[in-house]
Structures are given as C-alpha cells and as structure tokens.
Amino acid sequence: MASEADTRQAGAGLDRQRAIADLEAQLARTPRATRPHEHGAVAYRLGLAHAEAPGGSPEAAMRKALAYFDTAAALFDPRYDPIEHARVLNGAGAARRALGDRVRAVELFERASGLLEGRERDDERAGVLNNLGLARSELGRLEEAVVACDEAVALFDTTSAEGRRGRIATLHTRGSARAAIGTDESLGAALADFRQAADELDPEEAPYHHGLVQHSLGVTYSGLAARRPDERARLLGEAIAAFRESLTVFTRLAFPFQHALVKHNLGLAWSSQGGAANLRRALASFEDAVSMFDPRMHAEAWRQAYTNLERVEKELDALAPGMSRAEHFVALLVAVNADERRALLQERLGALLALPTENRRRSSLVELALASATLAFEEARAVMEAELSILIELPTEHLESGLRARLDAHRRLEDHQTAEEADRALDQAIGDALQGPQRISVRDFFYSLGWERP
C-alpha cells in the first residue's frame, strides 16, 4: 500500500505534468514571430517547470529546461529586457550546474548578476550571487565564492520571509566555502557564519535550512576538535548537540539521504570521544547510516560508513570480545538513562519494523529481543519496559510483530533458568510499562500464543 508521502508526491507529479501540458499549449497558441515577448515569457516558465519537475529522468528534464531557456534568452534582448534576460540566464545556470557543467554555470550566473546590478532588484541579484558562490565552490574557487557571498549577504531584504531564507542560505554557502578552505582561521570564520545563520533563522519558517545549518555546525565543530586538542571534548560535545538537532528535521522518512549523512557524521563524533558507551553510540549511528545509504546511488558514502562501522566494531571487540551488534546495542540501552534508552530503542524498532520483507523484520526483531532476554533481571526488565511502552503506541500489526518476536526470543533460550528469568522480567515489565486495559490486552495476546506467566 502506498504511503501518504508517496501519494502526495504522486499528486504533485501529476499537478506538475498538467501545468507543463497547459504551458506547452499556451506556447503553441502564442506566435513567436508576432508576440515574441509573450512567447519568451511562456518559454521561461516552461524551463522552470521542467527544471522543477519531479519523477522521470532528472537529466532529461534539465535538458528540456535548457532548450526552453535558450528560446527565452533569444527573445529577451539584454539591451531592452535586462531583468528578463538575467532571470533566464540564472535559470539556465542552475540547470547547467545540475548537469555538472559548472564552468558554464559560473559564466551564466556572472552575466545574470551583471545585468541585475543597479536595477533595484537586490533580492534577485543576491539569489544569483548565492548561486554563483555555490558553483564557484564546486569548482574549488573558494575565495571567489566567498567574495560573491559577501556581496549577496548584504543585498537581501530581511523584512520578507523569502529574503530571510535567502540570506540564511547565503550565509550557509559562504560558511561552507570557508570551511572547505580548511585552515584554522577559515574554520573559525565558517563557524561564525553558521552561528549567525542559526541565530537569524526561525526553524518553523525555514525547517530545511535549520537542519542544514545545524549539520554544518556539527561538521565544523568536529573539524575544529581535530585541530584543537585542548578544546576537543567541548567541541565534540557541541558537534554532537548540533547533529542531534539536525536530525529533528532530517528524519528517516522525510529526508533519508540527509538523515544517513548526519548519522554518519554523528557516528564519527561519538567514536572520537572514545569509551565503550560512546563507541556503541557510534556503532548504532553507523548501522543507521549504512542501512539508509543506497550503495548503488551513494556508493562512496556507503563505503565510508561501512568502513567506519567495521573500525568501531574492531575497537569494541577489543573491549568486549565476541558480542554481536545487537548485543552491543542492548548494552548501550542498559548504560544510558531512561530518556535516551527510549529514544534509541524507538528509532531502532521503527527501522526494523520498516524492513521490506516479513522474514527480515521478524529475524531482526527476534535478534534484538534475544540480546536483552539474557541480561540480568533488572537490566532486562528496564529494556523490556521501554520496548513495551513504545510498541503499545504503534499500529496493531506492529505491536503484534514486536510481541511475537519477544515471545519467540524467549522460547529460543535453551537454559531453563535463563528463560524463566526472562519471562519474569517480561511479566514485571508488562506491569510497570502498561496501564490496566493495555496490560490485560498484551497478556491476553501472549496467552493466545501459549505463554504462561512465571
């Protein structure tokens, strides 16, 4: 069954295709020879529509956009229609950049910026200059990127939401360019840019920018931590806090690639702090990243995450030989406070319940339940209590999947005393985690599967 997000995306795709069809019909009704300005305006709108079109081949969409931008550029004379011509050049530059032709994109952005200068279009020119900064950064022309952004930051009208978002985006572009320069001084300047962006933005008005800025803050704090040993612990703590804040926006479902990227960098920060608990936090983060990166589309990112996962596993094996990843995760749950335990377990259960096949879901859930079933009574009870408090809030099919896996794990315990202790911990957890009707419902479900209270 399609998810609500999939349905919305499909609906947006249909709306976009209808808009493109309407614009194409309008273009056909607008003679180029007798109504060139109107024909150019419709061609420009078609270029934007194709550049933003969801679904299909992104490359094909960008090439269609470029064809329409070329038509519009030929009809808007830069001597008489400088603003319209500049807008077309900016659109074409964005398409060229998306296609990887950054040299040509820089040329187009530079021309667009020049045409808009002195024409009371400061916000538009600032947006073009931000695009120029991005393209120059991607070419390694970092100092020139900073120059473009310096000019753009001062031009945005911050009395409008769009102007505020543009200024924040440009502060982020400038900070990223400065961070890429890689010196102590440039990293400090980058941190100042990201802090300024974080201070100026409203997370509700610009949630995506909030997530992006927080992630960049985390990366920059991590970079400074590697260079400043005396401040290492504090800087890594700041990095971890920023990555966690970024994840409030870049969730697993809404932004899977960004979620994986932040998780990978969070894992690096945790592993740099050292100690068994932090290494286990890092392992959990790398597991999440590896599971979210598509090795076909994000091959290099997946390889890096998997390499770091293996590295941390080896470090943990030296501290606690022979433990599985699930056992390390459960050991982490035992070591942290109740709030962090719940957050970690909620995310892990959500990821396991979202696995694509029933066999994978069941085996993974059983493995996780088995890792906690063999703990000492109080530790097992604490983990099971957190598990039940999460499962009871989920849809019935997920609740039942989790309960079946818990019972299956207990039945796999070969030692009678261990199995009895696990059942006692489960029974106590049911009493502690659930309210009266919930308690009765869960116990009745277990009874229907043949469970007997200890």
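A quick note: this is a predicted structure, and the numbers were derived from the prediction, not measured.
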Got a second to check how far L115's CG is from R121's CZ, nearest 0.5 Å?
13.0 Å
V146 vs D150 side-chain heavy atoms within contact, under 4.5 Å
yes
Report the C-alpha separation of T159 and D157 in whole Å, then their side-chain angles, then the decisive distance to 0.1 Å, and conclude whether the side-chain hydrogen bond (donor to acceptor under 3.5 Å, both in side chains) test is met.
CA-CA 6 Å; T159 62; D157 176 9; 2.6 Å; yes
Within the structure provided, determine whether F445 and L399 are in side-chain contact (heavy-atom separation under 4.5 Å).
no
Do other residues, nucleotides or ligands put more than 12 heavy atoms under 6.0 Å from the CD atom of E300?
yes
In plain terms, say whether R87 and E84 are close enough for a salt bridge, that is, a side-chain N and a carboxylate O under 4.0 Å apart.
no
Quick check: do L247 and L266 have side-chain heavy atoms less than 4.5 Å from each other?
yes
d(F194 CZ, D199 CG) to nearest 0.5 Å is 13.5 Å
On the six-membered ring of F329, is R348 placed so that its NZ or CZ lies under 6.0 angstrom from the centre and within 45° of the ring axis?
yes
Got a salt bridge between E110 and R136, using NZ or NE/NH1/NH2 to carboxylate O under 4.0 Å?
yes
How about E120: does its CD atom have over 12 heavy atoms from other parts shown lying under 6.0 Å from it?
no
Plane angle bin for H264 and F293 - parallel if under 30°, tilted between 30 and 60°, otherwise perpendicular:
perpendicular
Charged N to carboxylate O under 4.0 angstrom, R362 versus D408?
yes
Please identify which of these residues, R167, R195, H209, meets the side chain to side chain donor-acceptor pair (under 3.5 Å) condition with E200.
R167
Is it the case that atom CD in E185 sees more than 12 heavy atoms from other parts of the structure closer than 6.0 Å?
no
The reported gap from CD in Q304 to NE2 in H298 (rounded to nearest 0.5 angstrom) is 13.0 Å
Within-4.5 Å side-chain heavy-atom neighbours: S222 and F243
yes
May I ask you to say whether R125 pairs ionically with E117, meaning some side-chain N is under 4.0 Å from a carboxylate O?
yes
Does CD in E162 sit with more than 12 non-hydrogen atoms of other residues, nucleotides or ligands closer than 6.0 Å?
no
Find the distance between CG (L349) and CG (L391) and round it off to the nearest 0.5 Å.
5.5 Å
Using a strict cut-off of less than 4.0 Å between a Lys/Arg side-chain nitrogen and an Asp/Glu carboxylate oxygen, indicate whether R228 and E238 qualify as a salt bridge.
no
Mind listing the side-chain donor-acceptor pairs of residues 249-261 below 3.5 Å, one per line with the distance, residues two or more places apart or on another chain?
unit_1, atom_1, unit_2, atom_2, d
T251, OG1, A254, N, 3.2
Q258, NE2, Y208, OH, 3.4
H259, ND1, F250, O, 2.8
H259, ND1, R252, N, 3.3
H259, NE2, E347, OE2, 3.4

